[in-house]
Number of protein chains: 2
Amino acid sequence: MTLEQVAQHAGVSLATASRVLNGSTRQVRRELARRVTASAEELGYLANPTAQALARNVSSLVGLIVHDIADPYFSSIAAGVTRVAEAEGLVVVLGTTGRVAEREATLMATLRAHRARAVVLIGSRRVGDESGPSRLGDEISALVEQGGSVACVSQEGLPAHTVVPNNHDGAAMLARRLIDQGHRRFAVLAGPPELCAARDRLDGFYGALTAAGLDVAPGDVVHGAFTRDGGYESTRRLLAGGTDASCLFAVNDVMATGAMAAIRDTGLRIPDDLSVAGFDDIPTLRDLTPGLTSVRLPLEWMGEEAARLALGDSPADQPVTVTVDGEIVERESTTPQRS
Amino acid sequence: MTLEQVAQHAGVSLATASRVLNGSTRQVRRELARRVTASAEELGYLANPTAQALARNVSSLVGLIVHDIADPYFSSIAAGVTRVAEAEGLVVVLGTTGRVAEREATLMATLRAHRARAVVLIGSRRVGDESGPSRLGDEISALVEQGGSVACVSQEGLPAHTVVPNNHDGAAMLARRLIDQGHRRFAVLAGPPELCAARDRLDGFYGALTAAGLDVAPGDVVHGAFTRDGGYESTRRLLAGGTDASCLFAVNDVMATGAMAAIRDTGLRIPDDLSVAGFDDIPTLRDLTPGLTSVRLPLEWMGEEAARLALGDSPADQPVTVTVDGEIVERESTTPQRS
DNA sequence: CAGCCCCTGGAAAACTCTTTCCGTGCGATT
DNA sequence: AATCGCACGGAAAGAGTTTTCCAGGGGCTG
């Protein structure tokens, strides 16, 4: 079923049919328009998006790049992105990097080839990315050049709109709350050393401790993968090395989940023997027991906002940055200490 | 950067460049091929998938239809699908239905318009869908007609390849295990009455109870949404009504999660006051405490298998059905009863 | 009432590939 | 040595839209 056939059936030209059916600025007389719509309806015409993309040089595709769609952090944000994109009648293309940095640029190139109208890129920058032009940055620029628009979640410093949690302040607030609870000795699951998000949370946490005259023993900081298993593994190492911390801060909830499992497997109780706090407040993990004290981020909303930025009409050459504040959610995984 | 320019740069015809760069059966002389590849490399040529799709009448898109990508059940399967599709160099289009049945067909139509090469459809059929041709069935046939290929996960009876868990037997196995533990009075969170997957699990569970000479009191079966909140809500109702069951079976893990929260909020302990069992063994939920007894399904593998079926060369007009057996995973949420 | 402009319809070019069809040149076969 | 056939390069015809450009008609303005 092609537009040509619809036009013929309605007794108008191809051009007219196109103008009626696929939003053009040009006016078409009432009567004709009605005839075209009726014919399209009757024949069950469905526009060929492929041909449209070729002719318009822009497709109805919205890219969505995540590290791992099975990770609830990413899938929550993804839900927000798809909601907005689908409401606009656009189609979401899901690309996963498997945490391989290089793949972000590769996927961006693929999306550029597809003439994607917008791309939402989720994930953290790595330390060192600041220096000079990156392959990813170039790909983004190329896509923008071509008329596309890009929004990043949690990735600052790229030539694109950005939605970024206030990692530093969130972690600082959390630290102050934990100090208020009476905690004095902390251990930290710091995630991968090169990840900016992890580093910022760490810095914020440290900052608040320092301000309170506290410190973290070098042995009480453990680096590891930004995953549940990374958290488990890191915690095992921490506990094997021995620690007298009363509270363990994992820089994200997913790692905190692994941490809780490791702590239990070691025979310790949470929070009696060791308090645990996380970051993100992932919806799927709110049912852990004891409930995980965390810094709540509105993940779905962040996805929506990023999609709106990418699809909206903010000029791409003047990137907008939206900073999202976290909110402390105190649950049973942390407990007041008496000194 | 178009193929034309590459051809010019290499001093060959457009046709030759096309044959060299985009897999054709036709042979091109070594020397020419080398020149074309070199030119493409030098100019940074990236094929325009949009034009290719138009010319070939099939795109490199693979559809993936889920109810809710934030639900860990779907995101696990999605991870499997994307892994396979990306390994083939294809691009995944994510469509979400928000549990609106009608949208499955709509999304399928969109994917057909995009000339998707394959579609993986995840979700459960509804009771009553058996009768006669459905809009979804028609859309699937149309897509197949057009050269596409469809695989369903958990949806039987459609004109497409199918990967389906053995819901009936899994639930029956679970029931037998629970009976072995000494449970005699059960309550069931049955999910939405019209969902086949839920019904099959219910049937299997009942069957095993009946075989053991047991029964479930009508008041101990509660229907509700197939979500975490549905489970919470249903359990609240169950407990408010009063029950003397020693074990609660939720027909999926997500509902079981809500159930555990509701049980706790009512002041009861798990498993001391009430045992809880689920179905699916969702990876993200394996860290619940107490660990949830469940029926393990290899979700990611199911996604991979569905993608392989859809992308493989099994003729679409002779659908293949793969049945996946579950495996009982006994954890601390269920405990032996003494009589 | 003449001249202009605007409004609208249609023809045709453009978008970038794939693939068919044709023609040339070379090797092999008898 | 002549013919047949095969291998390979190129021209050109699509694939289904959008959009530009042109032309005709009607309404305004002066």
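Lettering of chains follows the sequences in order, A, B, ..., and the numbering in each one begins at 1.
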Study note, to complete from the structure: residues 24-50 of chain B vs ring pair (Phe, Tyr, Trp, His ring centres under 6.0 Å), sequence neighbours excluded, gives none
Straight-line distance of [X] [atom1] to [Y] [atom2], nearest 0.5 Å:
X: A/Thr162; Y: A/Arg125; atom1: OG1; atom2: CZ; result: 9.5 Å
X: B/Tyr73; Y: B/Thr227; atom1: OH; atom2: OG1; result: 14.5 Å
X: A/Leu64; Y: A/Leu121; atom1: CG; atom2: CG; result: 9.5 Å
X: B/Thr110; Y: B/Leu61; atom1: OG1; atom2: CG; result: 11.5 Å

Practice item. Taking the side chain as every heavy atom from C-beta outward, state whether A/Cys196 and A/Glu156 have any pair of such atoms under 4.5 Å apart. Key: no
Check your understanding: So, do B/Leu311 and B/Val84 sit near enough that their side-chain heavy atoms are less than 4.5 Å apart?
Key -> yes
Exercise for review: Have a look at the helix from C/dC1-D/dG30 to C/dT30-D/dA1 and give the angle its two end axes make, five pairs each, rounded to 10 degrees.
Suggested key: 40°
Check your understanding: If you walk 5' to 3' along DNA chain D, what is the first nucleotide with an atom under 4.0 Å of a heavy atom in chain A, and what is the last?
Key -> D/dG16 to D/dC21
Practice item. Report, as a single string ordered 5' to 3', how protein heavy atoms within less than 4.0 Å touch nucleotides 14-24 of chain C: B base, S sugar-phosphate only, - not at all. Key: -BBBBBBB---
Exercise for review: Return the set of residues passing side-chain hydrogen bond (donor to acceptor under 3.5 Å, both in side chains) with A/Arg29 (not counting sequence neighbours), or none when no residue passes.
Suggested key: none
**Study point:** A/Ser59 versus A/His114, side-chain donor and acceptor atoms under 3.5 Å
**Key:** no
Point to revise | Qualifying salt bridge (Lys or Arg N to Asp or Glu O under 4.0 Å) pairs with a residue from residues 98-112 of chain A, counting only residues at least two apart or across chains | key: A/Asp71-A/Arg99, A/Glu102-A/Arg135, A/Arg103-B/Glu86, A/Arg112-A/Glu139
